[in-house]
Amino acid sequence: MSEERSLNFLEEIIENDIANGVNNGRVLTRFPPEPNGYLHIGHAKSICLNFGIAQKYNGKTNLRFDDTNPVTEDTEYVESIKEDIKWLGFEWAEELYSSDYFDQLYEFAVTLIKKGLAYVDDSSAEEIAAQKGTPTEPGTPNQYRSRSIEENLQLFADMKAGKYKDGERVLRAKLDLASPNMHMRDPLMYRIKHAHHHRTGDAWCIYPMYDFAHGQSDAIEKITHSICTLEFIPHRPLYDWFIENLEIFPSKQYEFARGNINYTVMSKRKLLQLVNENLVNGWDDPRMPTISGLRRRGYTPLSIRNFCERIGIARRENLIDYSLLEFCIREDLNKTAWRRMAVLDPIKMVITNYPEGHVEMLEGENNPEVEGGDGSRQLPFSRELWIEREDFMENPPKKFFRLGPGLMTRLKNAYIVRCDDFVKDAEGNVTEIHCSYFPESKSGSDTSGINVKGTIHWVSIPHAKTAEIRLYDRLFKVEDPSNEDGDFKEYINHESLQVQTAYIEPDLAKAETGRGYQFIRKGYFCVDKDSSSENLIFNRTVTLKDAWAKEVKKM
RNA sequence: UGCCCGAUAGUAUAACGGUAGUACGACGGUUUUUGGUACCGUUUGUCUAGGUUCGAAUCCUGGUCGGGCAACCA
């Protein structure tokens, strides 16, 4: 059952187009990343939008790498992008590259020159910028603007032939130097770059600019709805102008607001800086908002797709609460993660009336949320256990439902225990807790009649294994680091990674990568890619909601 | 000083001239062998001033505020 949901503005446009027979109801979108960095959660929004909307209207989506700038692009990025899209659960119709169209694009440029709509300009970048004027003053034409078609044709061919050095000449559209839209003031179409391209190698030394590649690529592929972000709004008249004057397929551009999330940054440039300056451990650092980072952190494709669905599509600037992303992953993992026990900050508990050396195996459900059950595992129980230090208080407040002198609580999947005594060291730190257990209170066959409010997790000391636990916090200390004074890196949270050693139940030695685990009462965790059988490593994906922590804050 | 886009609870997003709703968050409660989950409830909103209209979040005008635009980046 899909629930009733109102259409976003793009769906409305498409339904309208279908109703009016535009393109005979055909829908073809494209996702056009530049292979110059890893995809992040903002791209996920665009991916879900482009692929999702095509799916919804029986259309298709092309994956097209916008690779018109060889100096920043690399096949490493191509591979990671493809992996991330597949992992998110989407399939592209065709894998394409803007560079596939370099010949065609060159011919398009020649066409415009022949129409007297493009010219070769010998000015330097600085001169061109100066001649463009300012938003309030029109630009001024230079002597090159009136070159003959024949001369332009020859010069452009010479540019292609490699007769000039980088920056010596450019090809420009002959448009309107007085336009209030700066993008229409004779925009650059081609520039010279003697650079090796990841696909075309050294075949070219001139490369088209975004504005002269994107719309035409859309048209070549007969994209019906070319969806991009808000900053391309002023490019739209140019997009249309090239298509009109080239008389090619009329793809249409639509813009939506990119998604931003608080306490992180969402630009490839900034993320690249974090990587290059070793402020994080690579693009897939679990603190990164990249798809690969979220994956390594333990986020699932479904949780990310649900997140993208929930944030919606609109045209206003936004800064989404990180808590929504957390909600989405908890929602998914609650239904799928296997419950296990791990003690992160241990203190020893001795059950004084439990026979020394005795071990019994108890059963623990894998996931109580799964209807019909999701199997179970065996838990060794013995006289000495590790429990969480915070589950004992020497002077507990009235609402504390765990252990303290005389207090009773249940050990998850085991017995009810009562705290009888505790031991302190010379510095006054509690080092050991002594309890007695009620044999008839065993989980599943409790006839003790005792009611306790709290349940705590534990690990049998003689059976415990150890694991490295990586706890993550937000990467930045402020909501919107890019909008603060100074460099965004000043706002990095240097305590965003904490490494601990935990005692884990023996079954966790078999933990698999790619599966979520809930460490009961502690959060959701996953096996990190650095993990090995000798050195188990878990990442904390997200904590559980913690009502007690809130209670403590109020006290 | 020019042009363009936008403005609905703390956040995000609906309502398409006719009862301002949903989700997350926050707060309170019920259930619970996870202080989790589930369930129930509460709270908070149409930037502003005019106009059109029987009726405006919605249409019009002015203003305010926020964002974008002058890369041989995309």
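Residue numbers start from 1 in every chain, and the chains themselves are labelled A, B, ... in the order their sequence lines are given, proteins ahead of strands. Everything quoted here is computed from the prediction, not taken from an experiment.
When heavy atoms are screened at a 4.0 angstrom cut-off, A:G444 is found touching base atoms of the nucleic acid. A:L324 comes within contact range of the sugar-phosphate backbone alone, with a heavy-atom separation under 4.0 Å but no base atom that close. Heavy atoms of A:N181 sit nowhere under 4.0 angstrom from any nucleic acid atom. Counting non-hydrogen atoms under 4.0 angstrom, A:K165 reaches nothing in the nucleic acid. Across all strands shown, A:F65 has no heavy atoms under 4.0 Å from either base or sugar-phosphate atoms. Within the nucleic acid shown, A:F232 comes within 4.0 Å of at least one base atom, counting heavy atoms only.
Between the side chain of A:R339 and the base of B:U34 there is at least one donor-acceptor pair of N/O atoms closer than 3.5 Å. In terms of polar N and O atoms assigned as donor or acceptor, the side chain of A:Q518 comes within less than 3.5 Å of the base of B:U34 in a complementary pairing. Scanning atom types as modelled, no donor and acceptor separated by under 3.5 angstrom connect the side chain of A:H183 and the base of B:A71. For B:G6, the base has no donor-acceptor partner in the side chain of A:E255 [N/O atoms by modelled type, under 3.5 angstrom]. Taking only distance into account, the side chain of A:R521 never meets the base of B:U34 through a donor-acceptor pair shorter than 3.5 Å. Judged by distance alone with a 3.5 Å cut-off, a donor-acceptor contact links the side chain of A:R402 to the base of B:G35.
B:U61: Watson-Crick or G-U partner is B:A49, with both key distances under 3.5 Å.
Dashed line: the shortest gap from a side-chain N or O of A:R191 to OP1 or OP2 of B:C73 is under 4.0 Å. Within the structure, a side-chain polar atom (N or O) of A:K550 is placed less than 4.0 Å from OP1 or OP2 of B:A26. The phosphate of B:G67 (OP1 or OP2) has no side-chain N or O of A:R316 nearer than 4.0 angstrom. Contact between the side-chain N/O atoms of A:T68 and the OP1/OP2 oxygens of B:A74 is found at a separation under 4.0 Å. Residue A:K132 places none of its side-chain N or O atoms closer than 4.0 Å to OP1 or OP2 of B:C69.
The distance from atom CG of A:L271 to atom P of B:A74 is 19 Å, rounded to the nearest whole Å. In this entry the distance linking CZ of A:R310 with C1' of B:U13 reads 13 Å, nearest Å. As rounded to whole Å, 14 Å separates atom C1' of B:C5 from atom CG of A:N318.
Comparing B:U34, B:U11, B:U37 against the side chain of A:D321 picks out B:U11 as the nearest. Distances from the side chain of A:S6 to the nucleotides B:G25, B:A14, B:G35 place B:A14 closest.
Taking the six-membered ring where the residue is Trp, the centroids of A:Y415 and A:Y437 are separated by under 6.0 Å. Separation of the A:Y144 and A:Y119 ring centroids does not fall under the 6.0 Å cut-off.
No side-chain donor from either of A:Q253 and A:Y239 sits under 3.5 Å from a side-chain acceptor of the other. With hydrogens and angles left out, the side-chain atoms of A:R30 and A:H214 include a donor and acceptor closer than 3.5 Å.
For the P atoms, the distance from B:U1 to B:G66 is 13 Å, rounded to whole Å.
Heavy-atom nearest nucleotides on RNA chain B were determined for A:D446 and for A:Y524, and the one closer to the 5' end corresponds to A:D446.
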